[in-house]
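To start, the structure under review is shown below, and the notes come after it.
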Amino acid sequence: MAWVVLVIAGLFEIGWAIGLKYTHGFSRLWPSVGTVVAMAISISLLGWAMRSLPVGTAYALWTGIGAVGTVLLGIVLFGEAMTIARLTCVALIVTGILGLKLTS
């Protein structure tokens with residue numbers, strides 16, 4: 001169950017990272033509220049998952065899910081560059097996440 005909670009926490013991390021773009025420096029109320037709520041949920045779920053998962057593994061997976069998701073949504077939503085080098089780096093992050101999961 002902790003792994004599922006950790007993945008959900010990572011999804012909320014993606015949400016607040018993307019949400020930051022829409023806040024325009026926290027100058028827009030509703031995107032800012034949504035971003036702060038997503039931050040609180042993400043951190044709370046991460047803390048819950050860490051009760052039974054190793055801290056290093058949990059934190060690495062949480063940030064990895066957030067990084068990969070944010071890069072991919074940046075490409076889709078904001079037209080950010082989709083180069084072979086960038087996608088290779090994302091693949092390396094995914095490989096690291098899978099490696100940590102398999103060895104924990």
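No experiment lies behind these values; they were computed from the predicted model shown.
- Residue-environment remark: CG (Leu29) exceeds the threshold of 12 foreign heavy atoms within 6.0 Å.
- Cluster annotation: Val55 and Leu53 are assigned to the same hydrophobic cluster (Ile/Leu/Val/Met/Phe/Trp/Tyr, side-chain heavy-atom contacts under 4.5 Å, transitive).
- By the criterion of side-chain heavy atoms lying less than 4.5 angstrom apart, applied directly or through intervening Ile, Leu, Val, Met, Phe, Trp or Tyr residues, Val33 is not grouped with Phe26; the two fall into different hydrophobic clusters.
- Linking Ile, Leu, Val, Met, Phe, Trp and Tyr whenever their side-chain heavy atoms come within less than 4.5 Å puts Phe12 and Val37 in one cluster.
- Of all heavy-atom pairs spanning Glu13 and Trp62, the tightest one is OE1-O, 2.5 Å.
- Of the possible donor and acceptor atoms, none in the side chain of Thr70 sits under 3.5 Å from a partner among the backbone N and O of Ala67.
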Taking distance alone, no hydrogens or angles, what donor-acceptor pairs closer than 3.5 Å link side-chain atoms of residues 74-81 to residues at least two apart or in another chain?
from, atom 1, to, atom 2, distance (Å)
Glu80, OE1, Arg86, NH2, 3.2

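- At a threshold of 4.5 Å between non-hydrogen side-chain atoms, the residues Ile41 and Trp16 do not count as touching.
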Listing, residues 3-11 side-chain donor-acceptor contacts under 3.5 Å, not counting sequence neighbours, or none:
none

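- Residues Trp48 and Met1 have side chains in contact (heavy-atom distance under 4.5 Å, counting atoms from C-beta outward).
- Put simply, CG on Leu73 and NZ on Lys21 are 13.0 Å apart, with the number rounded to the nearest 0.5 Å.
- A distance of 10.5 Å separates CG of Leu61 from CG of Leu46, quoted to the nearest 0.5 Å.
- Judged by distance alone, with hydrogens and angles left aside, the side-chain atoms of Ser42 form no donor-acceptor pair with the main-chain N or O of Ala38 at under 3.5 Å.
- Within the 4.5 Å cutoff, side-chain heavy atoms of Tyr59 are placed close to those of Met50.
- In this structure, the side chains of Met82 and Leu72 stay at 4.5 Å or more apart for every pair of heavy atoms.
- Residues Ser32 and Ser27 come closest through the heavy atom pair OG-N, 4.2 Å.
- Between Val68 and Val90, the closest heavy-atom pair is CG1-CG1, 3.8 Å.
- Linking ILVMFWY side-chain heavy atoms closer than 4.5 Å, directly or via other members, places Leu45 and Ile14 in two distinct hydrophobic clusters.
- Closest approach of Tyr22 and Ile18 over heavy atoms only: CD1-O, 3.4 Å.
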